[in-house]
Amino acid sequence: MQTVQPRSLPLRVPRVRPGGVLPILAILAVLLVLVGIRQPDFLAPSSLMSFLGRSAPIILLAAGQYFVIVSGEFDLSVGSLVTAQVVIAARLIDSDPARTWPVVLLLLAFGALVGLVNGLVTTRLRVPSFITTLGMFLILVGAVYLWSDGAPKGGLSEEFRRFGRRAFEDVPLLGRVPYALVVLVVVAVAAVLLMRSDFGRTLVAVGDNPRTAELSGVRVWRTRTVAFILSGLAAAVAAILLGGYSGVSFQAGAGLEFGAITAVVLGGVALGGGRGAVVGAMLGALTLELLFALMNFYGVSGALRSTVQGGIILLAVAVSATRSSSR
Amino acid sequence: MSDPPPTPLLTLRGIGKSFLGVRVLDGIDLDVAPGEVHAVVGENGAGKSTLMKIVSGGYSPDEGTVEFAGEPRSFRGPRDAQRAGVGIIHQEFNLLPERTVAENVYLGHEPVRRGLVDRRGMLDRTRQLLASIGETTLPADARVGQLGVAQQQVVEIAKALALDARLLIMDEPTAALADHEVELLYGLVRRLQERGIGLLYVSHRLAEVFDLSSRITVLKDGRRVTTVDTADTTADELVRHMVGRALSSYYPDRAAPEDRGPVRLNLRDAGNRKLRDVNLQLRAGEVLGIGGLQGSGRSALARAIFGVSPFTTGDVTLDDRPVRLRSPRTAMRAGIAYVTEDRKGEGIVPRQSVLDNALLASRAVFAARSGRAARTVRVRELLTAVEVRGAGDDQEIRFLSGGNQQKVVLARWLALNPRILLFDEPTRGIDVGAKSAIHDLVRRLARDGAAVLMISSDLPELLGMSDRIVVMRDGHVAGELPAGATEEEVVALAVGTARETARETAQ
């Protein structure tokens with residue numbers, strides 16, 4: 001460089017912020033192009049809308065998981081929580097439309113309660129969240145089996161199922177907009193606003209350095225417990241959509257916790273907390289779903305899903321770890 | 001290379017480097033001749049270590065050229081630089097404590113005979129190497145872990161020489177040494193010079209810079225201020241170059257007796273697991289210094305007042321009203337702020353922005369009290385007022401120098417308008433300029449009516465800043481000294497050779 005050097009300090013350079021959403025947007029764009037090459041129909045508004053609707057539950061779970069992970073913890077219980085919610089809903093509604101709304105409220109309360117317990121056990125009893133939520137996972141699985149004598153009972157009302165399967169028809173430009181997508185957009189906007197609020201900024205600070213947060217007057221235990229509650233609530237909403245879409249079974253939520261964690265990591269959120277955006281986590285989930293769709297179009301066996309997830313987790317963590325140490 | 005002597009060993013031209021958009025080095029020119037000791041001085045954050053990492057292959061420069069032994073080079077990493085003949089002795093040594101001196105010296109390039117490590121050859125060569133730098137007392141087969149710091153440093157130097165280093169970078173080489181060991185290092189440096197090795201010598205201690213170097217380069221804010229012949233300059237002049245002002249007028253004026261207000265905080269027989277029977281009064285408008293040795297209960301005192309590990313016995317009154325400070329939140333609501341000793345571990349949230357760091361406490365405790373926008377405006381003003389430099393408000397705080405990080409932490413607390421401020425080693429690890437800025441700020445806060453308690457291990461600071469000094473020992477108050485006490489008096493109380501009574505507060 002023989003040019004005259006600028007003398008002004010500091011120099012502003014456009015940059016990729018660690019924890020930002022640019023990388024995941026780039027990956028998403030590449031996948032969209034690949035999908036477009038293989039299956040141009042997929043990019044038509046109507047099929048794109050229904051894809052987004054189908055992806056809503058995992059995106060919601062990723063948002064819920066984001067709150068927990070960014071605060072420095074894990075929530076492994078969400079998959080079995082979704083299963084439990086679906087099974088509970090079916091049994092309590094028992095195909096009676098009049099019970100739909102009370103049960104929806106109950107599910108939200110139950111999700112919040114499970115999150116509260118996860119949070120309190122982790123923060124007050126000082127059980128590592130990995131263990132706490134693994135325990136909760138097992139408890140929920142066993143309890144649901146026990147409660148339903150080994151097979152789901154009852155059935156969901158059509159009223160309940162419409163959240164997951166119906167859509168606003170004939171919307172200009174977009175065509176069919178699933179209810180699930182509307183729910184997703186509302187939750188996403190709320191999540192973004194929450195992360196810009198005092199609570200959101202404090203939550204990330206807690207994940208970054210809980211000692212500093214505590215000594216600055218933050219009630220770290222309360223903040224993290226709220227994160228677990230948010231994750232439980234997200235699981236409840238996801239369960240409502242998922243129950244409607246794919247019906248009642250003990251497999252309803254199987255493996256979703258790992259899907260959510262993979263999505264969060266893929267979205268540039270640091271495991272261990274303190275960095276990353278909720279939008280990134282949700283885009284991570286969308287990317288993951290798009291990747292699975294792509295694998296499907298290319299005839300890759302669905303059995304490879306978990307292998308791919310595992311590979312993504314390892315790769316994403318390795319990339320972020322080497323990037324942060326090479327500063 | 002049989003060039004005539006004036007050819008420099010190392011030539012840097014126009015070196016520039018930025019991290020995430022912040023320029024930490026800008027247009028640095030520097031050269032080192034064979035056998036020359038070239039000192040590099042500057043405040044923390046001036047860019048010294050970045051520059052050294054560029055020379056030793058740890059970073060590659062964004063701009064400019066590095067010429068080594070007459071050839072343009074761009075090192076691909078520290079090993080590449082080592083092979084080329086650039087050695088670096090870090091402040092923290094890079095030795096394997098369980099291995100012998102010889103094994104450490106030849107680590108990674110052991111002499112080999114018939115496919116096996118030639119142990120005897122390695123020992124012999126190590127002895128020769130050590131002898132060549134005048135080190136005859138250090139056994140080549142001693143375990144490194146058993147050696148003292150000074151001897152370990154010799155091992156580090158031998159390690160570099162075993163790789164045929166022609167340029168050696170020494171980063172604060174005397175920081176870990178005792179006084180008599182510094183003399184030994186001087187001898188070593190001179191023998192390295194005689195061998196024609198060029199030295200880049202980074203140090204805070206101006207005395208040794210004057211003793212050893214032939215030229216001095218001063219860095220400030222990532223730029224080269226000047227390069228001078230050591231013989232033509234003075235310590236005062238150097239400090240002026242480093243901070244832009246002279247060494248005198250170092251501490252701000254103390255409070256006049258009439259400026260001291262009523263007792264804000266009163267501890268009577270207060271104690272907990274680490275403290276017993278602490279009696280102490282903190283007045284509005286004064287800076288109360290807390291002296292004592294590490295572990296004497298100084299930090300425990302601040303942490304008890306701030307509610308981190310609260311008092312379990314005794315009485316605490318705040319403005320004559322009894323209070324129980326059970327948690328940081330209750331202390332903060334009572335108007336108390338606490339700047340911790342361990343800035344990295346307890347003071348900052350490293351990956352959050354400067355602004356988020358500064359807002360942390362306001363958001364946590366007084367979120368409902370003021371509007372968000374007004375609060376942010378106020379904190380931005382505070383960040384400007386405490387003069388956080390070299391970073392925007394959106395910059396992650398971990399990329400700031402220690403002094404700037406501390407200013408952000410201060411802004412965080414000032415946003416709460418505290419009436420009692422507890423400072424635990426407020427200027428530890430902070431460069432000279434930021435240090436005096438913080439001193440001024442502490443004094444200004446007291447003058448504006450805050451009650452300040454300041455813990456410091458830095459005796460000149462403690463004596464220079466305090467209106468009174470309380471010395472702690474073994475978890476209780478060993479004694480109190482007035483302003484104008486001597487270092488000896490403080491130390492005597494701290495170690496327990498002085499009688500445990502408060503000296504009459506004269507004046």
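The chains referred to below are lettered A, B, ... by the order of the sequence lines, with proteins before strands, and numbering in each begins at 1. Predicted model, so just to flag it, every value in this text is computed and none were measured.
- Side-chain atoms of B/R372 and A/D198, non-hydrogen and from C-beta on, do get closer than 4.5 Å to each other.
- Here the CZ-CZ distance, from B/R329 to A/R219, works out to 3.0 Å after rounding to the nearest 0.5 Å.
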- Going through the distances and angles, do B/R412 and A/T212 end up as a side chain to side chain contact (heavy atoms under 4.5 Å, CB included)? CA-CA 12 Å; B/R412 175 196 300 160; A/T212 300; 3.8 Å; yes
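- Only the side chain of B/T340 has a heavy atom closer than 4.5 Å to any heavy atom of chain A.
- The minimum heavy-atom distance linking B/I348 with A/N209 is given by the pair O-ND2, 3.1 Å.
- Taking chain B as the reference chain and counting heavy-atom pairs below 4.5 Å, the highest number among A/D208, A/T223, A/T202, A/V218 is found for A/D208.
- Most heavy-atom pairs under 4.5 Å with chain A: of the set B/R303, B/Q352, B/R343, B/R351, this distinction falls to B/R351.
- By the 4.5 Å heavy-atom criterion applied to side chains, A/R275 and B/E396 are counted as neighbours.
- In terms of non-hydrogen atom pairs under 4.5 Å with chain B, the most contact-rich of A/S216, A/A205, A/G207 is A/S216.
- Between B/M332 and A/L215, the closest side-chain pair of non-hydrogen atoms is not below 4.5 Å.
- With a 4.5 angstrom heavy-atom cutoff, B/K344 touches chain A only via backbone atoms.
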